[in-house]
Each structure stands twice: as structure tokens, then as C-alpha cells.
A.B. asks: 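Mind looking over this structure? Questions follow.
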Amino acid sequence: MPAASAPARSTSIEWTHHTWNPFAGCSRVSEGCRNCYAERLAVRLAKMGQATYQGLTTDRGLWSGRVNRASPATFRKPLAIREPSLIFVNSMSDFWHPAASDRDRADALDIMTECRRHVFQILTKRPELVAPTLARMGIARVPDNVWLGATVEDGRVADRIPFVQRFPAAVTFLSIEPMVARFGRHDIAGIGWAITGGESGPRARDLLPDWVREVRDLAAAFAVPFFHKQWGRYANNPLCREDGLSAASAAKIDPHGKGGALLDFTLHRAFPAGFMPG
Ligand code: SF4
């Protein structure tokens, strides 16, 4: 488990220290994908000549559905990170994407197994593919330093939750981000961690404070550690939306994340039970 001293970080994502993309490429699944940041970045990286990103997007800037394995150096990146760290896997893909090969997944899992000093966070919008993929690969359970989660951006895709509750992992988690509509009250028993966050960037959509309050209260009811990453933009922040402050005034009180992160003057930054990030 990561040590108490703060490891260096190479990403601004508050709930992790590094991102690692053993392969890249995806295709859209649901509303949470509408303004996919990875898709836009993949276009830029392809134009910059990065080999891994060639052919991943179409001329119209949309995912082509192809998945490419990263260079050997990138594939082995966790081995080069000496400090115990949280590592978010496949920010530029979906680990369980049908176009990714089981060979690449197996090789990536081998590195995660070798790097027990790190915690690897694997998120998907395709939780229904996890069990059949692991069964096909002959894996009954992922190592305890691999956390498995799913994005459930709103209540319309709440049918993903039961798959997460059955993930064969020591820690399971829900990422309600970018939260683009109300999540609602669902059974989240047994889930190890819940993250909320608003959308940022161009065409960012609204996030209502009450949607987040509802998840905060639901997490408390099920004793699930709760992490509110950000409001996405200050217009969503309750200091502006409900109390009428300007974005500049709110930013002085609440400088966390993008658009601040305080909810009713509290910063929610809990991690899975028993885990203390550096
Ligand atoms: S699953 Fe993630 S990476 Fe893939 S299209 Fe959706 S938002 Fe983008």
C-alpha cells in the first residue's frame, strides 16, 4: 500500500497519482462519453506523430473503435515508478474494450501483479464484460492491489451497479463522473468507494448540488467512503449556484479541483476503508 509520505504525481486527477495506458483506443458507450476528453487528446497525439495513436480516431475526430498496444517503454511504465503510488489504468481506453486483446490485458495484469507496491485503479463503462473476459482468460480474481470500478454517470446506467458488486476484487468502486444527471437512490451495498465529479472543459454540462448531496447521503447510509472530486466549473458550485457568489469569490473559498470541490463547506476526500493514500 502507498506510504504515508505524498508520492510525486504526474496527473491532476485528484484520486490518483499517475495514469498508465498499456493500450489506447475506445468507442462511445453512453452519455458520459459525449464529451470524451480521451478522444480529443487521441486526435492531438496522432497529429503529433505518436505511433500508438495512429488510426485510433477518424477524420471527423471520433474514435474508430481500434485499440493499439503502447510502446514497450510505456507498457512497462509502472515498473519505473519506484514510489508506491495509485495508478489509474487506461485513461485513454477501456481495459475491457472488446477490441483490446486478451494478450495485452494479460501482459498488463502481469505487470500489476509484479508491482505490488502500487495500487492500480481500473475503471470501465462496460462492467458486463468483466466477468466473461476474466473467465475467458482463466482468471478467478484480480490481485488485491488491483481495484475494479465502473463509471455510472447517472441513474440511467444504474444497471451497471450489480456488475460492480460482483467484481472479483478486494476493492470495487463507482465513479459517478462526469455526473450529467441525477444518480438516484440505489442499492450500493458492498461497494468500496464512490467518487463524484462534474464535467469540465468545452461543452461541460450542468451538475446540481442536490445530485451530489444525494450520493453523499447514500454513501453514508451504505458506509461507502465518498470522494467528491470537483464541481467541474464554478457555475455548478453551490457557493455560486445557491449562495450567489461570483466565480472569483468562490474560488478564494474553494480552490479545490476544477470549479472547487466543497459540498456544504466540507471537502469529501475519503478513500477505501483501510487505505491511506500518501
Ligand atoms: S469509455 Fe471513456 S474513453 Fe471510452 S469513449 Fe467513453 S469516456 Fe471516452
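Below, all heavy atoms of this structure are taken into account, side chains as well, without hydrogens, waters or symmetry copies. Just follow the structure's listing: the first ligand is 1, and inside any ligand the first atom is 1.
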A.B. asks: Determine, step by step, whether Asn68 and Thr52 satisfy the side-chain hydrogen bond (donor to acceptor under 3.5 Å, both in side chains) criterion, reporting the C-alpha distance in whole Å, the side-chain angles of both residues, the deciding distance to 0.1 Å, and the verdict.
C.D. replies: CA-CA 6 Å; Asn68 290 341; Thr52 304; over 6 Å; no
A.B. asks: Under a 4.0 Å N-O cut-off, is there an ion pair linking Glu128 with Arg166?
C.D. replies: no
A.B. asks: Can you pull the residues with any heavy atom under 4.0 Å from ligand 1?
C.D. replies: Cys26, Ser27, Arg28, Cys33, Cys36, Trp63, Lys125
A.B. asks: Is it the case that one hydrophobic cluster holds both Phe226 and Trp147, taking links as side-chain heavy atoms less than 4.5 Å apart, direct or via other members?
C.D. replies: no
A.B. asks: Evaluate whether atom CZ of Arg60 has more than 12 neighbouring non-hydrogen atoms of other residues, nucleotides or ligands under 6.0 angstrom away.
C.D. replies: no
A.B. asks: Angle between ring planes, Phe75 versus Trp20, binned at 30° and 60°: parallel, tilted or perpendicular?
C.D. replies: perpendicular
A.B. asks: Under the criterion side chain to side chain donor-acceptor pair (under 3.5 Å), which of Lys258, Arg233, Arg34, Arg205 is the partner of Glu199?
C.D. replies: Arg205
